[in-house]
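As a basis for the values below, the full set of heavy atoms in this structure was taken, side chains included, without hydrogen atoms, waters or symmetry mates.
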Amino acid sequence: IFNMADSKQVVYVDMYSRLELLVRQASSVALIGTFGHVLQKIMNEIPASSSITLMGVDIMSNTFVASSTLLTLLWMGYGSGGAHTSALYNMFGLCPPTIQYGVRVLKPGYESVLERFIEHNLKLAVEDGAQFTAYVNGEVVVDIFGSVAPESTPKPPGSPKKSNNFLDYDGNSLQCIYSSSKVLAALAMGMLVDRGLVSYDTKVVDVWPEFAAHGKGHLTIRDIMKHEGGIPKPPPRGVAIADLTPEGIQQNKTGVVYANLESIRDEKAPRVYHAATRGFLINEILRRVDPDKRTLGEFINEEIAEPLKLTDDLFLGTPNRVQPRTYTNTLPDLLWIIGQWWMPVAWFLPSRWGLPPLFAAIALHNVLEWTEYPLFKDVKGLGLNAVMNVESTRHTEIPSINIFSNANALATVANAVVGKSGHQLFTKKGRAAMEKNPTYQDMTGLPMPLPIPCDFTDGGLCLYHRKNKLMKLPLIDDCYGWQGYTGSMMMYHKSGDFAFSYVPTMFGDMRNKRSFPLVKLVVECAKNLHGINWPSQ
């Protein structure tokens with residue numbers, strides 16, 4: 001362990017991880033044998049006249065061998081190992097991947113957090129690159145990063161780099177945090193409310209008169225923040241890339257388009273996830289309310305990043321000067337995800353990746369890679385992930401999904417919300433207004449076929465608690481924040497005792513199986529070190 005900035009240690013995957021993979025493989029073989037045996041029994045009932053011969057081999061009488069071989073190759077090749085480790089390693093332990101990790105801060109007593117990060121997230125190759133930072137009582141206690149470092153990783157079309165060199169990945173590296181960006185947008189709006197410039201009860205048309213088009217005049221800022229405005233879809237023809245630069249936004253090119261969208265709000269079930277649109281609407285409201293008429297990206301830079309000394313680590317509209325530090329988000333192989341779902345050991349033991357059902361795996365790839373995302377009218381043929389990682393779109397402001405940052409910066413901002421140390425972003429009154437009225441309600445419109453219950457506050461933050469089985473943190477209730485499509489998350493505890501952020505480059509795990517176990521360990525370590533029982537436990 002090196003307690004110095006950006007230090008790294010490179011290691012090879014060891015026998016501890018190999019043993020777990022072998023257990024998974026053995027359970028897979030057992031399942032394959034069972035399936036093959038059942039299939040053979042079925043085939044034995046087929047009349048002999050149905051026999052099929054290929055190159056002199058009776059396929060029907062060798063079903064057991066054929067099916068077992070096929071399933072073995074599928075599950076042992078794609079179901080075990082990591083998301084991008086080789087088949088030779090998955091099946092035989094040959095050509096192991098290298099991993100690297102670095103420790104910028106690790107206070108005594110928190111070593112178990114690093115151990116979990118290395119053994120689970122890195123040695124099992126469930127990440128390309130990832131970072132985790134935790135504050136306890138206003139002090140950084142954990143700030144770590146790591147990566148699985150193949151020579152190259154496939155990238156979506158149009159990416160600024162042909163490959164990510166994860167040997168260069170460290171705690172300063174930047175990546176798109178996707179929907180964790182919504183936390184920053186909520187904080188910016190909350191700061192205007194805190195300063196008395198607007199309230200969550202304010203009707204949008206009071207600051208943006210054109211928004212009244214198509215009967216939207218009754219909607220409040222609170223409705224927009226809670227995803228209850230009924231405007232979940234971007235305009236079907238998209239907007240030009242230039243229209244989402246600060247200059248284009250100031251010329252109202254985006255505002256004209258979004259003011260003319262219709263609301264499809266259903267009063268019986270008003271909460272529909274405004275995946276991209278909430279940020280655009282917030283941007284138009286904020287620049288009209290802000291005395292300096294700044295865009296959301298400019299506001300975040302001047303009012304959040306500058307006071308917290310994060311101007312090199314937090315961007316809505318990523319400048320050219322930091323492009324060499326940016327990493328493209330990656331998707332795990334679809335067949336690997338399917339293989340993970342079928343691995344029988346995963347049905348009984350804690351999940352390594354989240355193990356989404358088959359439909360979720362397909363939905364993930366459909367949204368991110370296969371389906372053209374209609375955000376820009378001048379970017380064609382690219383899925384959402386490619387759109388977010390084209391260099392030209394990185395310069396734009398898509399406030400809900402394209403902030404580029406790292407875990408240290410996001411945790412620093414989260415800590416500044418609760419004001420335990422250093423610069424404070426909110427007064428107690430302003431923060432209370434932002435956290436007010438968390439309402440438990442099913443939210444549709446997510447990249448999942450079923451609604452997800454969420455508690456969104458007036459200020460647009462999600463309240464995580466154990467009563468909500470899908471949105472809960474281990475050992476600790478009453479955390480505010482949100483999470484992103486990659487598995488990123490940014491949140492703080494209402495007491496101010498904790499602030500966390502986890503930022504990976506690889507997609508998946510929307511159930512936070514990679515990050516929440518680290519949070520649990522931080523809470524356990526803090527309890528043991530400080531002897532404090534938090535009331536919410």
Side-chain angles (χ1 to χ4, degrees), residues 156 176-186 188-189 204 211 216 219 223-246 248-249 253-265 271-287 295-297 300 315-318 329 363-364 366-369 371-380 382-390 392-404 443-448 452 454 456 460 462 482-486 488 507 510:
C176 184
I177 63 172
Y178 279 80
S179 284
S180 292
S181 304
K182 292 178 174 65
V183 179
L184 278 302
M189 182 59 70
V204 177
F211 188 76
K216 301 192 300 293
L219 295 176
D223 293 327
I224 303 301
M225 303 308 294
K226 283 178 172 281
H227 298 271
E228 296 176 6
I231 314 172
K233 295 182 179 180
R237 295 183 179 179
V239 296
I241 290 177
D243 294 348
L244 288 177
T245 61
I249 294 169
K253 293 182 177 180
T254 307
V256 168
V257 175
Y258 277 83
N260 282 290
L261 293 179
E262 294 186 24
S263 173
I264 58 171
R265 175 182 165 113
R271 186 167 297 167
V272 182
Y273 193 45
H274 291 43
T277 55
R278 192 185 83 158
F280 295 133
L281 298 173
I282 290 174
N283 208 343
E284 295 301 323
I285 295 168
L286 181 139
R287 71 182 184 87
T295 67
L296 186 53
I300 289 173
F315 302 98
L316 174 57
T318 308
N329 301 101
L364 179 76
N366 182 59
V367 171
L368 295 172
E369 195 169 51
T371 302
E372 180 178 308
Y373 196 71
L375 198 58
F376 298 105
K377 61 185 180 183
D378 44 0
V379 176
K380 300 295 184 181
L382 299 182
L384 176 60
N385 186 39
V387 169
M388 291 299 101
N389 286 288
V390 174
S392 59
T393 65
R394 287 181 175 181
H395 299 317
T396 65
E397 294 189 19
I398 313 173
S400 281
I401 52 178
N402 88 324
I403 286 179
F404 278 73
M443 182 164 67
T444 59
L446 289 162
M448 301 287 284
I452 302 296
C454 300
F456 272 98
C462 182
W482 191 233
Q483 60 197 66
Y485 214 164
T486 56
S488 66
F507 280 95
M510 289 181 288

Of all heavy-atom pairs between Ala185 and Pro399, which one has the smallest distance, and what is that distance? CB-O, 4.4 Å
Straight-line distance of Phe315 CZ to Ser181 OG, nearest 0.5 Å: 13.5 Å
May I ask you to decide if Thr318's main-chain N or O and His395's side chain share a donor-acceptor pair within less than 3.5 Å? yes
Separation of Lys253 NZ from Thr245 OG1 (nearest 0.5 Å): 7.5 Å
Option among Asn260, Ile231, Ile285 that satisfies the side-chain contact (heavy atoms from CB on, under 4.5 Å) test with Phe211: Ile231
Between Tyr178 and Trp482, does the ring centre distance come in under 6.0 Å? no
Give me the one residue out of Glu284, Arg287, Glu397 that meets side-chain hydrogen bond (donor to acceptor under 3.5 Å, both in side chains) with Thr295. Glu397
Give the minimum heavy-atom separation between Val272 and Pro232, together with the two atoms involved. CG1-CB, 3.7 Å
Please check this pair: side chain of Lys377 against backbone of Gly238, looking for a donor-acceptor N/O pair closer than 3.5 Å. no
Rounded to the nearest 0.5 angstrom, the CD1-CG distance for Ile249 and Leu244 is 5.5 Å
Lys216 side chain to Ala259 backbone, donor-acceptor under 3.5 Å: yes
Do any N or O atoms from the side chain of Arg278 and from the backbone of Gly460 form a donor-acceptor pair under 3.5 angstrom? yes
Should the pair Phe280 and Tyr258 be assigned to parallel (<30°), tilted (30 to 60°) or perpendicular (>60°) ring geometry? tilted
Quick check for you: to the nearest 0.5 Å, what is the distance between Arg271 atom CZ and Glu228 atom CD? 4.5 Å
Derivation and outcome, side-chain contact (heavy atoms from CB on, under 4.5 Å), residues Thr254 and Asn283: CA-CA 10 Å; Thr254 307; Asn283 208 343; over 6 Å; no
Drop me the distance from Ser180's OG to Tyr485's OH, to the nearest 0.5 angstrom. 14.0 Å
So, taking the atom named NE2 in His274 and the one named CE in Met443, what distance separates them when rounded to the nearest 0.5 Å? 10.5 Å
Considering all heavy atoms, the nearest Leu219-Gly229 contact: CD1-O, 3.3 Å
Minimal heavy-atom distance between Cys176 and Thr486, with the atoms involved, is O-CG2, 4.4 Å
Checking side-chain contact (heavy atoms from CB on, under 4.5 Å) between Leu316 and each of Ile398, Thr396, Ile403, which is the one that passes? Ile403
Apply side-chain contact (heavy atoms from CB on, under 4.5 Å) to Tyr273 and Ser179, showing your working. CA-CA 11 Å; Tyr273 193 45; Ser179 284; 2.9 Å; yes
Do Lys233 and Ile264 have side-chain heavy atoms sitting under 4.5 Å apart? no
Tightest non-hydrogen contact, residues Leu296 and Ala188, listed as CD1-CB, 3.4 Å
For the student: nearest non-hydrogen atoms of Ser400 and Ala275, plus distance: CB-O, 3.1 Å
